[in-house]
Amino acid sequence: MVRMIALTAGLAVAGSALAGIQGRGFRWAEVNNGGVSDGSGANLSGFRTFDLFLDAGSAQMSVNGFNMGTAATPNLAPYRIFTDGAVFNHAFGGNSSPNPALVPAFPALAFDTYLAVGNGAFSDVPGSVNLTASGAFAGQFIGTWFTQPPQVVGAGGSLLVGRFTVSDNTTFLGGNGSAIEVGFTGFEQVFSIGNAIPTPGAFALMGLGGLVAARRRR
């Protein structure tokens with residue numbers, strides 16, 4: 001991962017040369033958080049939760065980490081996830097997935113905003129992670145996190161990259177130029193990230209599609 005940060009300027013060319021795996025890329029999946037609250041003061045009424053996955057596509061992949069820049073050198077790696085929503089961070093949460101032993105007592109903790117490399121342990125570059133999307137990085141999630149040995153995912157499989165809980169009034173999470181650099185074994189590649197929140201126009205098109213289907217059924 002040190003090499004991945006240092007060679008950011010040359011990654012676009014390397015990534016494009018190695019981008020031929022069919023179906024490989026990022027995917028959002030919404031998780032029902034039930035609007036739960038708990039004794040910590042957390043209340044998820046008015047919040048939605050989304051998991052971000054990296055799909056392996058048609059070939060096995062071996063992943064050792066992800067790069068969205070660092071607070072110390074924000075221009076070195078301009079990758080990040082953008083959002084215009086308020087972000088939920090549980091009082092007992094952190095940069096990685098929560099302690100499952102605490103979830104029964106604090107059920108909202110399961111929907112904390114956190115990073116991941118699948119279900120395994122990982123390290124992050126000290127001071128790199130900002131999961132509040134506030135302060136100097138308002139509207140931006142940043143960070144660099146990695147694991148050794150790499151996580152191996154078979155063809156057709158998926159790797160959890162993070163969980164993000166944002167307010168109902170969020171219009172974009174991802175999209176808007178969001179991108180993450182992925183450290184595969186032996187090379188790096190930058191992927192863009194689609195919007196987790198469908199735009200009103202997309203809903204309208206879905207509605208039209210439903211009408212067309214209904215007419216055909218008749």
Side-chain angles (χ1 to χ4, degrees), residues 1 4-5 8 11 15 18-19 21 23-31 33 48-71 77-83 85 87-90 93-98 100 109-125 128-133 137 139-166 170 172-185 187-197:
M1 288 297 293
M4 188 162 82
I5 298 169
T8 299
L11 291 175
L18 295 161
I21 306 299
R24 182 168 292 179
F26 287 103
R27 168 179 56 86
W28 292 104
E30 185 163 9
V31 178
N33 62 39
R48 299 171 68 185
T49 300
F50 299 87
D51 284 350
L52 182 64
F53 293 93
L54 177 64
D55 291 333
S58 59
Q60 176 179 290
M61 65 181 181
S62 180
V63 178
N64 68 7
F66 301 96
N67 182 25
M68 296 193 301
T70 75
Y79 317 115
R80 54 212 59 205
I81 294 176
F82 295 97
T83 184
V87 181
F88 171 73
N89 286 275
H90 198 280
N95 293 341
S96 58
S97 59
L109 179 59
F111 306 101
D112 185 41
T113 297
Y114 64 84
L115 302 173
V117 184
N119 295 318
F122 68 86
S123 301
D124 55 69
V125 172
S128 72
V129 178
N130 182 335
L131 292 179
T132 64
F137 295 94
Q140 305 171 49
F141 295 106
I142 65 168
T144 299
W145 65 110
F146 56 94
T147 186
Q148 286 292 346
Q151 288 275 340
V152 177
V153 180
S158 298
L159 187 73
L160 179 65
V161 178
R163 171 164 286 186
F164 301 86
T165 296
V166 294
T170 301
F172 63 86
L173 170 63
N176 201 45
S178 295
I180 296 179
E181 179 184 15
V182 181
F184 296 102
T185 299
F187 68 97
E188 297 85 30
Q189 186 173 343
V190 177
F191 292 85
S192 61
I193 304 172
N195 190 5
I197 317 290

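Note that CG of N130 and OG1 of T70 are 11.5 Å apart. Values are rounded to the nearest 0.5 Å. Rounded to the nearest 0.5 angstrom, D112 CG and N33 CG are separated by 12.0 Å. Considering OG of S97 and CG of N119, their distance stands at 7.5 Å, rounded to 0.5 Å. Atom OG1 of residue T144 and atom CD1 of residue I180 lie 10.5 Å apart, to the nearest 0.5 angstrom. With rounding to the nearest 0.5 angstrom, the CD atom of Q140 is 11.0 Å from the OG1 atom of T132.
Here the shortest heavy-atom pairing between V190 and A179 reads CG1-CB, 4.1 Å. The minimum heavy-atom distance linking A56 with G154 is given by the pair CB-O, 3.4 Å. In plain terms, the two heavy atoms of Q148 and P150 that are nearest each other are OE1-CD, 3.5 Å. Nearest heavy atoms, V87 versus A133: CG2-CB, 3.9 Å. Heavy-atom minimum distance, F53 versus A29: CE1-CB, 4.0 Å. In plain terms, the two heavy atoms of N67 and A77 that are nearest each other are ND2-CB, 3.4 Å.
Within the 4.5 Å cutoff, the side chain of I197 has heavy atoms near those of the R48 side chain. Annotation: side chain of L115 is in contact with side chain of F122 (closest heavy-atom distance under 4.5 Å). F141 is listed as a side-chain neighbour of L131, based on a closest heavy-atom distance under 4.5 Å. Residues V117 and F146 fail the side-chain proximity criterion, which asks for heavy atoms closer than 4.5 Å. In this structure, V182 and V63 have side chains that are in contact, with non-hydrogen atoms separated by less than 4.5 Å. Side chains of Y114 and L160 form a contact here, defined as non-hydrogen atoms less than 4.5 Å apart. Residues W145 and M68 are in side-chain contact: their nearest non-hydrogen atoms beyond the backbone lie under 4.5 Å apart. In this structure, the side chains of R163 and V31 come closer than 4.5 Å at one or more pairs of heavy atoms.
In this structure, F26 and F66 have tilted ring planes: the angle between them lies in the 30° to 60° band.
Listed by chain and residue number, nothing satisfies the side-chain hydrogen bond (donor to acceptor under 3.5 Å, both in side chains) test with Q151 (two or more places apart in sequence, or in another chain). Shown here are the side-chain hydrogen bond (donor to acceptor under 3.5 Å, both in side chains) partners of Q60, two or more places apart in sequence or in another chain: there are none. Every residue two or more places apart in sequence or in another chain that forms a side-chain hydrogen bond (donor to acceptor under 3.5 Å, both in side chains) with T165 is listed here: T49.
Defined by atom type and a distance below 3.5 Å, a donor-acceptor pair is missing between the side-chain atoms of N64 and S62. For the 3.5 Å distance criterion, the side chains of S158 and R27 qualify, holding a donor opposite an acceptor.
Listed for the N195 side chain is a donor-acceptor partner under 3.5 Å among the backbone atoms of L173. For S178 (side chain) and F82 (main-chain N/O), a donor-acceptor pair under 3.5 Å exists by modelled atom type. Although no hydrogens or angles enter the test, the distance criterion places no donor-acceptor pair under 3.5 Å between the side chain of W28 and the main chain of F50.
The only member of T83, L52, D51 that meets side-chain contact (heavy atoms from CB on, under 4.5 Å) when paired with F164 is L52.
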